[in-house]
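Indexing begins at 1, ligand by ligand and atom by atom, following the structure's order.
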Amino acid sequence: MGVFLNDEQLDLKTRAKNALSSNWTGKYTIPSKELYPHLWSWDSAFISIGYAHYDLDKARIELDSILSAQWDNGLVPHIVFNPKSIGYFPSPEFWKTDELSPPGKLTSGIIQPPVHAIAALKYYNHAQDKEAIRRWFPCLKKWHRYLLENRDPEHSGFASIYHPWESGFDNSPRWDDAIARLEPKDLTEYKRVDLEHVRSAEERPTNDQYDRYIYLVETLKKFDYDDKKVYAKMPFKIKDVVLNTILVVANKALLELAQILGEDKSEISEWLGREEDMFLKQFCPDTDEALFYDYDVITGEPIRKRTVATLIPIYADIVEKSMIEKTVTWLDHSNFCATGMCKYPLVPSTSIDSPYFAHITYWRGPIWINTNWMIYQGLRAYNFEGKAEKLRNAILKLVSEKGFYEYYDPHDGEGYGGENFSWSASLTIDLIKKCDLG
Ligand code: 2M8
């Protein structure tokens with residue numbers, strides 16, 4: 001692959017900014033028109049990271065919008081709904097969260113990975129705006145405390161998810177066994193609208209998967225979203241390796257914010273200390289293999305599925321380098337797209353030679369920009385500069401040639417899902433800015 005040229009980068013940056021502008025609502029940026037007409041939690045944080053490079057107002061407003069929808073118990077909801085946009089299922093009424101959402105906000109009742117403190121630190125590094133981080137700091141701390149208390153009553157040091165949507169990797173094979181065990185019953189009738197906005201149903205989760213997603217939300221509603229009741233009875237309870245990787249990075253960012261603000265650091269340091277002690281034990285059942293897996297709290301077993309999630313803990317920068325050296329060798333393995341089977345040497349969401357790989361089906365095969373961006377950050381943190389640069393060039397080449405899609409077929413790089421997808425554009429800007437310091 002040729003070296004990425006600066007002129008091309010400039011052009012790409014303009015295209016990325018245009019994609020974000022077209023999704024900006026005045027208060028936040030939707031992930032993509034039609035498919036996703038509301039605010040999504042981790043999308044907005046990834047989007048703010050891109051804005052921090054060229055539009056500090058938007059970077060700040062994006063984070064204000066998501067954090068102002070935080071619940072009293074600390075939960076940051078995965079969707080904040082625009083009451084005027086109706087083309088999405090499940091709609092606000094479906095969630096029955098009126099009594100839990102802050103006044104005037106319509107929210108879902110589940111979470112997504114906590115990218116927010118990472119985005120807040122990025123914003124501060126560019127804006128030096130202490131007022132904003134002073135406003136956000138208590139919300140962020142409460143959010144992390146929610147994850148590490150309500151979602152971890154056993155004090156393992158790691159948060160559990162109750163729903164595949166909470167992972168952000170909705171139909172990943174990682175969740176297949178856990179959702180297969182569910183017995184959805186008494187579902188009220190519902191109508192999917194996502195299929196109206198894609199080229200083929202093959203790009204999206206199946207109807208059977210949707211039934212199970214809906215059943216899990218019905219279960220949460222039955223327990224009034226009360227974590228005590230939910231944690232005791234929820235039929236889906238998993239320590240998600242990606243969410244917890246992000247939580248480690250976010251805790252480090254929060255510690256830095258505490259330092260900048262002169263706030264007490266002891267609780268955050270304690271969280272990080274526990275994460276440091278336990279990460280390998282919790283997520284890496286075989287240190288020779290050096291891949292990381294989710295942990296199913298209900299079966300007490302690791303979920304040994306070959307997906308991009310097995311490599312993302314590089315991003316946490318919490319495990320010794322001697323160990324991560326082994327993990328990094330997987331990047332050159334045929335499973336992960338490095339051997340000429342794929343036009344762009346990027347890591348697909350699911351290992352190419354696994355039985356559950358599906359090249360255009362959402363989180364079951366396609367390449368996603370945010371996952372590769374996280375691996376890139378991890379490679380840099382461990383000083384694998386050559387590998388990091390290779391990944392970065394491949395991302396930039398893919399988006400430059402194919403556009404800002406939601407996800408891409410690993411074989412030929414064709415884009416699928418939403419067009420002008422916001423985090424693909426914002427993280428591209430972040431990657432361009434790595435060498436273009438303007
Ligand atoms: C996808 O998830 C939503 C449900 O939250 C959906 O399929 O309707 C996922 O890719 C998720 O990670 C993402 O945040 C969201 C919006 O981009 O879409």
Report task. Give the numbers and elements of all ligand 1 atoms closer than 4.0 Å to a heavy atom of P31. Result -> 16 (C), 17 (O)

Query raised in the report: Salt bridge or not for D409 and K343, using N-O below 4.0 Å?
Result: no

Query raised in the report: Should W363 be counted as touching ligand 1, given the test is an N or O pair under 3.5 Å?
Result: yes

Query raised in the report: Below 4.0 angstrom, N of the basic side chain to O of the carboxylate: do E154 and K239 qualify?
Result: yes

**Report entry** Test: D170 and R204 ion pair at under 4.0 Å
**Finding:** no

Query raised in the report: With atoms numbered from 1 as shown, which atoms in ligand 1 lie under 4.0 angstrom from a non-hydrogen atom of F421?
Result: 17 (O)

Query raised in the report: Do any nitrogen or oxygen atoms of Q112 come within less than 3.5 Å of a nitrogen or oxygen of ligand 1?
Result: yes

Requested in this report: Before accepting this row, confirm whether a basic side-chain N of the pair K305/D294 lies closer than 4.0 Å to the acidic partner's carboxylate O.
Outcome: no

Query raised in the report: Which bit of D170 is near ligand 1, meaning a heavy atom under 4.0 Å away: side chain, backbone, both or neither?
Result: side chain

Report summary line: atom 14 (O) of ligand 1 has as its nearest protein heavy atom D43 OD1, 2.6 Å

Query - The one among W40, F89, Y362 that brings a heavy atom closest to atom 7 (O) of ligand 1 - result: Y362

Query - W95 and W165 aromatic ring geometry - parallel, tilted or perpendicular at 30°/60° bounds - result: tilted

**Report entry** Short N or O distance, Y88 and ligand 1, threshold 3.5 Å exclusive
**Finding:** yes

Report task. With R151 as the cation and Y146 as the aromatic partner, state whether NZ or CZ is under 6.0 Å from the six-membered ring centre and within 45° of the axis. Result -> no

Query raised in the report: What protein heavy atom sits nearest atom 11 (C) of ligand 1, and how far off is it?
Result: G168 O, 3.5 Å

Query raised in the report: Cation-pi between R174 and F169: NZ/CZ under 6.0 Å from ring centre and within 45° of the ring axis?
Result: yes

Query raised in the report: Parallel, tilted or perpendicular: which describes the rings of F89 and Y210, with under 30° parallel and over 60° perpendicular?
Result: tilted

Report summary line: Within the 4.0 Å heavy-atom cut-off, what Y213 brings close to ligand 1 is neither

Query raised in the report: Could an N or O of ligand 1 be found under 3.5 Å from any N or O of R204, whether backbone or side chain?
Result: yes

**Report entry** W42: numbered ligand 1 atoms lying under 4.0 Å from its heavy atoms
**Finding:** 11 (C), 12 (O), 13 (C), 14 (O)

